[in-house]
Amino acid sequence: MLDEFIIKRQSEFPFASGDLSKLLRDISLAAKIIHREVNKAGLVDILGVTDNTNVHGETVKKLDEFANTQLLNALQVSGKCCGIASEEEEDFVVVDNEVSKEAKYVVLFDPLDGSSNIDVNVSIGTIFSIYRRVSESGPCRLSDLLQKGAKQVAAGYIIYGSSTMMVYSTGHGVNGFTLDPSIGEFCLSHPNIRIPEFAKTYSINQGQFLLLADGLKQYINYCQETDAATGRPYSMRYIGSFVADFHRNLINGGIFIYPASTKNPEGKLRLLYECNPLAYIAEQAGGKATTGQERILDIEPLTLHQRTPIYIGSAGMVQQAEAFLNPTAE
Ligand code: P6P
């Protein structure tokens, strides 16, 4: 069970206070509540849209709002988190109740990634990222949240699909837990996940092909050429839900690309609460995650909701794509 696993892992680190363990358990509890609503969406009035738009001008789906509220509530009473950033919140949230204001962790999350797929029953996910605060004490500051991904102390996601799985790392490998609804527990189902160095799946929104840089067009053409020795043509798989596309590649191998384009000059996905946590998981599983030029986890963030291009998945495939993007690189 997830709780036992967290406590066992904590015991392996004599200086662990148990705060991170409790934070992970609080997130997993919020995930179980979100799971319950996601899995009855359509039966109750939780599909569809609210009257609200978020900081990005996107219409907020009812389930987005529900998931955001569940995670905010869980973290505000956790006592282990002093600050929060969410895709659904324009500014960061200072958690300054008596038990939390001196807490040593901050959490950033996308409460329900892939929300455009909610109403058509396609897998969606919650993504989270945890840092130790950098400010000494007092209310959480923006600088506590604007840390580069390499400083994460834990990160993970919950995918609400054919089953609900929680996949996370605290820097010592990646483990996957599948929710058994009959007992309401996450059970260890995928110990020590490793991503294959190469595979035969690439994942990109092919509809944007004409908007892409020449090097990336050449890489996509390379994926489509016939070459028995390298198993090409690869298969193109694109769910349109980052967590689902990433999870498939984590388990089977593959590369996911959301690039810069003339439509999205900075890419579309968010650095702090989408790309950093999944880049952390990818690297912990032996994979790679870059912007096509720079390691995702090395990017120094400037704003909470900044975007970044991302090439993530099997290390060998990311390197292959980079060679097409940077033909003159040594
Ligand atoms: P496009 C979902 O809306 C999302 O944020 C990610 O989960 C997904 O990978 C991406 O956008 C899909 O974007 O432009 O291909 O529809």
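Whatever order the structure lists ligands and atoms in, that order sets their numbers, starting from 1.
For atom 14 (O) of ligand 1, the closest non-hydrogen atom of the protein is Y258 OH, 2.6 Å. Scanning the protein for heavy atoms near atom 13 (O) of ligand 1, the closest one is K268 NZ, 2.9 Å.
For F242 and F256, the distance between ring centers is under 6.0 angstrom. In this structure, F128 has its ring center at least 6.0 angstrom away from the ring center of F109. Ring centroids of Y273 and H305 are separated by less than 6.0 Å, placing the two rings close together.
Those atoms of ligand 1 with a heavy atom of D113 less than 4.0 angstrom away are 5 (O), 6 (C), 7 (O). Annotation for ligand 1: atoms under 4.0 Å from non-hydrogen atoms of G114 are 2 (C), 7 (O). Annotation for ligand 1: atoms under 4.0 Å from non-hydrogen atoms of Q208 are 14 (O).
Ring geometry for Y202 versus Y234: interplanar angle of 30 to 60°, hence tilted.
A side-chain hydrogen bond (donor to acceptor under 3.5 Å, both in side chains) with Y258 holds for exactly one of K268, R307, Q208; it is Q208.
In E266, the CD atom is not crowded: 12 or fewer heavy atoms of neighbouring residues, nucleotides or ligands sit closer than 6.0 Å.
Atom 2 (C) of ligand 1 has its nearest heavy-atom neighbour, among S203, S241, G240, G207, in G240. Counting heavy atoms only, F242 comes closest to atom 6 (C) of ligand 1 of the residues Y238, F256, F242.
Between N205 and ligand 1, at least one pair of N/O atoms sits closer than 3.5 Å.
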